[in-house]
Protein chains: 2
Amino acid sequence: MSERDGRPRTAQLQVVEQIKSYILDRRLRAGDPLPTEPELMDAIGASRSSVREAIRTLSALDIVEVRHGHGTFVGSLSLSAMVESLAFRSLLGTTTDYRVLSDVVSIRQLMEQGFAGMIIDGLGSTERTKLADLAQQMCDLADRGKPYVEQDRAFHLLLLQPIGNELVVQLTGAFWEVQSRVATTLDVSDRNWQRTAHAHVEIVDAAAAHDLDRLQLAIEEHYAPVKEQIRTLATLAADTDPLPEERPGA
Amino acid sequence: MSERDGRPRTAQLQVVEQIKSYILDRRLRAGDPLPTEPELMDAIGASRSSVREAIRTLSALDIVEVRHGHGTFVGSLSLSAMVESLAFRSLLGTTTDYRVLSDVVSIRQLMEQGFAGMIIDGLGSTERTKLADLAQQMCDLADRGKPYVEQDRAFHLLLLQPIGNELVVQLTGAFWEVQSRVATTLDVSDRNWQRTAHAHVEIVDAAAAHDLDRLQLAIEEHYAPVKEQIRTLATLAADTDPLPEERPGA
DNA sequence: TAAAATTTGTACGTATGTATA
DNA sequence: CTATACATACGTACAAATTTT
């Protein structure tokens, strides 16, 4: 009763696929309840171990969400899995640490600059007010020497929201989290927070002025301090940690 | 013997974190072997079920890789988790299907256009030859009415390889796979394959000519057929499947 | 070729912690 | 506060796959 289609050789993958199909066939949405473990065991015909391990797999991908003592539900399908994977990767390796961080920042800048035109087009008065408010908060906090992590995250997400590309927003959120997490682990305390904070103001002003070139410059100016800092950290680490870099050239 | 540090309340997360720490502390690289399950049970002090479920979680994130009858190893830390998550998300929902697909294509185009300058700078004679060869193969296959999936994937990865941003390459590969997988599921058979195939030739020529504007135009032309097709599919589905779209406005 | 050892995969049973009614 | 339903955790036994003898 288990060797139906030969595609997935292992029972684990079979159960994973069957749970996926269960969700797809009934067009369940995020938050909808799934059958209990005994019910799944019965419906699929697998043991509890297999069902639980399959649920673990799906849980790691945020396809399902398990609430202790309550039940299993369809997950929010976020990019949390990518965050975990990237954050872990950036902690591995030696000088590679800053490679991931640098790559993440580059892509963030690229997305914002690339969508600058759509940001200008989609900027309504409501968003402009909120963005300006957040930028002002960041400036105030920076002047008092305090961090402004949440405002920064909210700012960039709100900036990209109106362009209508949900994936870009989620990618930015994911990259922001990777950057934030790795930075705190490496004890990256930014000294030129004020410069970055004021860059946000310029971004809003440039977007409000419908000035594409000015907006792209403002975005570049925003990411300049971080990139510079990563560069100095990398060279610093290269000096104190003289590892033989692999040279692919013959 | 289990209420040491209160941070992760559940044993699962504890075991996950401990296995992560094991890899990080010993600076293991991809492919390096991990202790066997009994050894991990002993070292961590958890039952086999807990260890196995934790390994399942890490396996889903490609942080570890399990080979039946052989052992557990450090994974390649790819973005396969994001692929799974995005592919599944695109299969959920009704009209949202094409949203994910459309978003993915937009980001792919954005990355290639945004890095066009670095593509030109980093294009060596070796890459140029290989890219031209792949483009020619695609044209030949397209003329004979055959698909050219692998050549297309190799082309775009090779195109972005020299810019030195590993994350961009992996993201492109992941998005390519999502696009490919969802497209085949939706039976998206592209009729203007020839047009797309020849667009690759133009991309190589433009890059070889060090012409930035021309390259960006070539990239736009490359993605135009796919975007157009997605648009027609979406409108087609909207006609046959008149679902009431949720309107967040009051 | 084949058998044995190692390692992961599957299954079942039981007890415990947790959330909801 | 009690009861119920559910997920969590542990332990053991056996099956399947891989490598080595």
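Chain A is the first sequence line, chain B the second, and so forth, proteins listed ahead of strands; every chain is numbered from 1. Below, each value reflects all heavy atoms present in this structure, side chains not excepted, and no hydrogens, waters or symmetry copies.
- Phosphate proximity of dA9(D) to Arg52(B): absent, as no side-chain N or O sits under 4.0 Å from OP1 or OP2.
- Between Gln12(A) and the phosphate of dT10(C), there is a side-chain N or O to OP1/OP2 separation shorter than 4.0 Å.
- The distance between atom CD of Gln14(B) and atom C1' of dT8(D), rounded to the nearest whole Å, is 13 Å.
- Nucleotide dT8(D) holds its P atom 13 Å from the CD atom of Glu53(A), rounded to whole Å.
- Distance, Leu34(B) CG to dT8(C) P: 10 Å, rounded to whole Å.
- Side chains of Gln170(B) and Arg89(A): a donor-acceptor N/O pair is present below 3.5 angstrom, by distance only.
- Both Ala46(A) and Gly69(A) lie close to DNA chain C; mapped to their nearest nucleotides by heavy-atom distance, the more 5′-ward contact belongs to Ala46(A).
- The nearest pair of heavy atoms linking Ser90(A) to Ala87(A) is OG-O, 2.7 Å.
- Below 30°, between 30° and 60°, or above 60°: for Tyr148(A) and Trp193(A) the angle between ring planes is between 30° and 60°, a tilted geometry.
- Taking only side-chain nitrogens and oxygens, Thr10(A) comes nearer than 4.0 Å to OP1 or OP2 of dT10(C).
- Using modelled atom types, one finds a donor on one side chain and an acceptor on the other under 3.5 Å when comparing Asp62(B) with Ser76(B).
- Set against dT8(C), dA7(D), dG11(D), the side chain of Thr36(A) has dA7(D) as its closest nucleotide.
- The side chain of Ala11(A) sits closest to dT10(C) out of dT8(D), dG11(D), dT10(C).
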Let's go through Asp133(B) and Gln137(B) carefully: what are the C-alpha distance in whole Å and the side-chain angles of both, what is the deciding distance for side chain to side chain contact (heavy atoms under 4.5 Å, CB included) to 0.1 Å, and is it a yes or a no?
CA-CA 6 Å; Asp133(B) 189 42; Gln137(B) 286 183 38; 3.3 Å; yes

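- Put simply, the side chain of His70(B) and the base of dT18(D) share no donor and acceptor less than 3.5 Å apart.
- Atom CE of Met41(B) and atom P of dA9(D) are 14 Å apart (whole Å).
- Considering only side-chain N and O atoms, Ser50(B) lies under 4.0 angstrom from the phosphate OP1 or OP2 of dC10(D).
- To the nearest angstrom, P of dG9(C) lies 6 Å from NE2 of His68(B).
- Atom CD1 of Ile44(B) and atom P of dG11(D) are 14 Å apart (whole Å).
- In terms of phosphate contacts, Arg56(B) brings a side-chain nitrogen or oxygen within less than 4.0 Å of OP1 or OP2 of dG9(C).
- Look at CG on Asp42(A): it is 13 Å from P on dC6(D), rounded to the nearest Å.
- Distance, Glu37(A) CD to dG13(C) P: 16 Å, rounded to whole Å.
- Here Arg67(B) lies in heavy-atom contact (under 4.0 Å) with sugar-phosphate atoms only.
- Between Thr72(B) and dT8(C), a side-chain N or O to OP1/OP2 separation shorter than 4.0 Å is present.
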